[in-house]
Amino acid sequence: MTLELYNTLTRRKQPFEPLEAGKISIYCCGVTVYDYCHLGHGRAYIVWDTVRRYLMWRGFEVRYVQNFTDIDDKILNRAKAEGSTMQEVSERFIQAYFEDMERLNILKADDYPRATHTLDGITRLIHELEQKQMAYAAGGDVYFAVRHDQDYGKLSGRRLDDMQAGASGRVEADPDGPKKKDPFDFALWKAAKPGEPAWESPWGSGRPGWHIECSAMVRDRFGDTIDIHVGGADLIFPHHENEIAQSESATGKPLANYWMHNGMVNVDGEKMSKSLGNFTTIRQLLDAPNAPDPMAIRLFVLQGHYRKPIDFTAESILSAKNSWERLKEGLLFGYKFGQQLGWTDTSDASFGNPAAMRIPAESEAVQRFQTAMDDDINSPGALAALFELAKDLRREGNIITHEGKTNADPQMLRQQWQTLVVLAQVLGLEAKPQPEAASELSDAEIERQIEQRRTAKAAKNFAESDRIRDQLKAAGIVLIDKPGGITEWHRG
RNA sequence: GGUGGGUUGGCGAAGUGGUAACGCUGCGGUCUGCAAAACCGCCACUCGUGAGUUCGAAUCUCACACCCACCUCCA
C-alpha cells in the first residue's frame, strides 16, 4: 500500500516520498502567543499530531518542529493593556499552550523555536534577499518585492494581477502602505517604534515581520528543504505564500515538498475566529460543568476529514461525547475483563501499553485502518474500523457482565482488544482505567439492600423497591433484574 | 472581481464507475411490576437541480442553484 497525501502546492493527492528514505521532517506553524488557544487551534494541532503519530506508526522516523511567534503587535497590545511586557505575556501563553495541548494528548514537538531566539537567522536571510535584489529597505523597514519573484502565488493559486488589493477590508489600517513599492509587498523587517522591544540590525533598530521567522526557523532546524510543511488553511495566503517567496528566493530550492492544510472549525456555519468573537477556548470547553472528556474533543475533530470544515455545535459535541463512551468501553475491555478471561499478565506493569503490543498487521481491522489513513489521512474511515472492534468487545463485555462468562475465544478477544488499543493510540485516543471509585457501600451492605428490595417487591411495595434501586444507583451500583426474580449488580 | 472547497438518511460523516461504511439520535421486539441495563432487529430504492457519457454513476462530462473559506489579523 502506498501513502498518498494531498499537496496544496500541486492541488492533488500524491504518493508520499521523503527526501531521505525512512525519515520525515515536518514543520508546523504554531500560535502567536497573545491569548489562550481556542478550539480552532485545538483542531489544527490534533490533526497534525495525528498525522505525525500515523507516520511514526508507519515506520518513519519523524522530526517535528513547531514554532511560537513571540514577537507581534497583538502581544504588544496585550502587554500594554496589562501594563506588562511582551516577554511576560508570551511566556504565560506558551505555558498555557503546553497545558492545553497536553490535555488533548498532543505529543510534544521535538523543538519549539521562537522568533525571539531566531534573530540571527532572520537578519541573515533578509540580508541575502536584499543582496539578490528581492528585498528593499525603506525608511528603516525592509520589504520583499513580490514582483521580482516569478513564482509568487504558486501555492495559493493566485496571480498578482488577479488579486484585489484590500479585498479583506483591512488595507486602510496598514500604516506601511506608503513605503511599499507594491501593495502586495510585505514586511521582512519593521523599524522600531518608541517604547517597543527592538533588536539591532543592518537596517537599524527594529523587529522582524511575521512571515520571515518561519523561513529562518526551517532553515536553522532542517536546512533548505523539508518534507512536509503544515498549518491552517487560513495561512495559505499570505503566510505560507510569503514563506515560499522568501525561502526559495534565498536558497533557490523548494522550501517544502508537501504542503498540508487543515480546514477551519465553524460555528453556525462560519469560521471560528478571534475577530468574529465566536470562539471557545480549549480550557473553557474542558473546564465547563459537564465538560466533554478531552478525548471526545479529539474524536470530534477526527470524525471529520482534516481538510474539510467542521461545525462546532452543542449537538456535535454531545454526539462526540457519546461516541467516545462507546470507544472507551472497548479500550477498557482488557482492564475490566482480562483477568476473568484468564489472561495471565493483567497485573504486569506493561499491561495495556500499546508499545508492548504485537498485533497482526494482516488483520482486517488493521488493513482497513491503514487503507483509510494512507488515503490522505482519512481518519473518519479509520475510526469506522475502530468502532467495529469496539462494538464487538463491548458486546462480549456485556455478555460477561450479565452472564458471568462468554463463549468467545479469550485469545481472540485479546487480539481484538490489543488491535483496538494500538490503532486508537495512533489516533491519540487513549483511555486509562479509573481507580475503582471506592464506594462506601460494602458488598454485604449492597446484598442486604437488594434483599430488602426483594422483600418489598414480593409484597408489591414498588414504591419502596424503586426507592432502594434509585438509592443504589445514586451510589454507583447498577441493578440488573433477571428472569426468575434474580437480581445481579455491578459497580458503575 | 479572482482562487479554492463543499452540497450524501433526523444530525454528523466516509465512499472517484458495479449498485450507500461508521458514529450519534430515534423506533420495534425480548426481558421487567414498571424501568434500567443487556441482547436481537429496523431507519437513504437514494446521494443539491437538470441534461449527457456508459451495460451500469453518489462517483465521469456539461450547465444551473445554493453554501463556505481565502484575496496582507488568523490554526
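Below, read A as the first sequence line, B as the second, and so on, with proteins coming before strands; counting in each chain starts at 1.
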query = If you look at every strand shown and take non-hydrogen atoms under 4.0 Å, does Arg43(A) touch a base, only sugar-phosphate, or nothing?
reply = nothing
query = To the nearest Å, how far apart are Arg394(A) CZ and A37(B) P?
reply = 11 Å
message = Tell me whether Lys80(A) is salt-bridged to Glu196(A), with the criterion being a basic N under 4.0 Å from an acidic carboxylate O.
response = yes
key: Lys/Arg-Asp/Glu bridge criterion (N-O < 4.0 Å) met for Asp73(A), Arg207(A)   = yes
Closest to side chain of His41(A), choosing from U7(B), G33(B), C74(B) = C74(B)
request  = Considering just the side-chain nitrogens and oxygens of His402(A), establish if one lies under 4.0 Å of OP1 or OP2 belonging to A38(B).
outcome  = no
inquiry  = Regarding Tyr45(A), tell me which of base, sugar-phosphate or nothing describes its non-hydrogen contacts under 4.0 Å with the strands shown.
reply    = sugar-phosphate
key: Counter-base of G23(B), judged by Watson-Crick or G-U geometry with both distances under 3.5 Å   = C11(B)
request  = Using only heavy-atom distances, decide whether a donor-acceptor pair under 3.5 angstrom links the side-chain of Asp375(A) to the base of G15(B).
outcome  = no
request  = For Val265(A), answer base if it contacts any base atom (sugar-phosphate contacts may also be present), sugar-phosphate if it contacts only those atoms, and nothing otherwise; contact means non-hydrogen atoms under 4.0 Å.
outcome  = base
ask   = Which one is paired to A38(B), where only Watson-Crick or G-U wobble pairs with both distances under 3.5 angstrom count?
value = U30(B)
query = With a non-hydrogen cut-off below 4.0 angstrom, is His211(A) in contact with a base, only sugar-phosphate, or nothing?
reply = nothing
query = Contact class for Trp210(A) (heavy atom, under 4.0 Å): base, sugar-phosphate, or nothing?
reply = sugar-phosphate
request  = Assign the ring pair His240(A) / His229(A) to parallel, tilted or perpendicular, where the plane angle (0 to 90°) is split at 30° and 60°.
outcome  = perpendicular
message = Expressed as a whole number of angstroms, how long is the span from Asp182(A):CG to C71(B):P?
response = 17 Å
message = My understanding is that a pair needs two contacts under 3.5 Å, Watson-Crick or G-U wobble. By that rule, which nucleotide pairs with C62(B)?
response = G50(B)
message = Just to be sure I understand the rule, does Asp185(A) reach a base, reach only the sugar-phosphate, or reach nothing, if contact means heavy atoms closer than 4.0 Å?
response = base
query = Of the nucleotides G5(B), A69(B), C70(B), which one has an atom closest to the side chain of Tyr6(A)?
reply = G5(B)
task = To the nearest Å, give me how far apart CH2 (Trp259(A)) and P (U3(B)) are.
result = 22 Å
task = Give the rounded distance in Å between these two atoms: CD1 of Ile468(A) and P of C34(B).
result = 19 Å
query = Looking only at atom P, what distance separates U59(B) and C71(B), rounded to whole Å?
reply = 32 Å
note = By nearest-nucleotide position on RNA chain B, the 5'-leaning member of Ile399(A) and Asn242(A) is Ile399(A)
task = Would you classify Thr8(A) as touching base, sugar-phosphate or nothing, given that sugar-phosphate means primed atoms plus P, OP1 and OP2, and contacts are heavy atoms under 4.0 Å?
result = nothing
Protein-nucleotide distance (Glu241(A), atom CD; C70(B), atom P), rounded to Å = 16 Å
task = For Asn266(A) and C68(B), give me the distance from atom CG to atom C1', rounded to whole Å.
result = 7 Å
request  = Tell me, yes or no, whether the heavy-atom count around Glu102(A) atom CD, taken from other residues, nucleotides or ligands under 6.0 Å, exceeds 12.
outcome  = no
request  = Report yes if the side chains of Glu388(A) and Gln416(A) come closer than 4.5 Å at any heavy-atom pair, otherwise no.
outcome  = no
query = Rounded to the Å, how far apart are Ile106(A) CD1 and A75(B) P?
reply = 14 Å
request  = Counting heavy atoms from C-beta on, name the nucleotide in C74(B), A38(B), C40(B) closest to the side chain of Arg395(A).
outcome  = C40(B)
ask   = For the base of C74(B), is there a side-chain donor-acceptor partner from Lys271(A) under 3.5 Å away?
value = yes
message = Please classify the nucleic acid contact of Asp161(A) as base, sugar-phosphate, or nothing, using heavy-atom distances under 4.0 Å.
response = nothing
inquiry  = Applying the side-chain hydrogen bond (donor to acceptor under 3.5 Å, both in side chains) criterion to Asn262(A), which one of Trp48(A), Tyr306(A), Tyr45(A) satisfies it?
reply    = Trp48(A)
inquiry  = Under 4.0 Å from OP1 or OP2 of A69(B): is there any side-chain N or O of Arg307(A) that close?
reply    = no
query = Salt bridge check: are Arg221(A) and Asp110(A) linked by an N-O gap of less than 4.0 Å?
reply = no
query = When we call it a touch if two heavy atoms are under 4.0 Å apart, what does Leu235(A) touch: a base, just sugar-phosphate, or nothing?
reply = sugar-phosphate
ask   = Using 4.0 Å as the upper bound for N to carboxylate O, is an ion pair formed by Lys13(A) and Asp375(A)?
value = yes
query = Any idea how His261(A) and Trp259(A) line up, ring-wise: parallel (<30°), tilted (30 to 60°), or perpendicular (>60°)?
reply = parallel
inquiry  = Taking any heavy-atom pair under 4.0 Å as a contact, classify Leu479(A): base, sugar-phosphate, or nothing.
reply    = base
task = Report yes if a donor N or O on one partner sits less than 3.5 Å from an acceptor N or O on the other, where the partners are the side chain of Arg469(A) and the base of A35(B); otherwise report no.
result = yes
request  = Would you indicate what Arg467(A) reaches in the nucleic acid, counting non-hydrogen atoms under 4.0 angstrom: base, sugar-phosphate, or nothing?
outcome  = nothing
request  = Report the nucleotide, chosen from A75(B), A14(B), A37(B), that has the shortest atom-to-atom distance to any side-chain atom of Asn378(A).
outcome  = A14(B)
message = Pairing check on A69(B): which nucleotide meets the Watson-Crick or G-U wobble criteria with it, both distances under 3.5 Å?
response = U3(B)
ask   = Looking across every strand, which nucleic acid part, if any, lies under 4.0 Å from Gly231(A) by heavy atom: base, sugar-phosphate, or nothing?
value = sugar-phosphate
query = Checking all strands, does Asp234(A) fall into the base, sugar-phosphate, or nothing category for heavy-atom contacts under 4.0 angstrom?
reply = base
query = Heavy atoms under 4.0 Å, any strand shown: does Ser156(A) hit a base, just sugar-phosphate, or nothing?
reply = sugar-phosphate
request  = Provide, to the nearest angstrom, the distance between the OH atom belonging to Tyr36(A) and the C1' atom belonging to A75(B).
outcome  = 19 Å
ask   = Any ion pair linking Asp470(A) and Lys473(A) (charged N to carboxylate O, less than 4.0 Å)?
value = no
message = Between Lys308(A) and A14(B), is there a contact of a side-chain N or O with OP1 or OP2 at under 4.0 Å?
response = yes
query = Base, backbone or nothing for each nucleotide of nucleotides 20-32 of chain B, written B, S, -, heavy atoms under 4.0 angstrom, 5' to 3'?
reply = -BSBSS-----S-
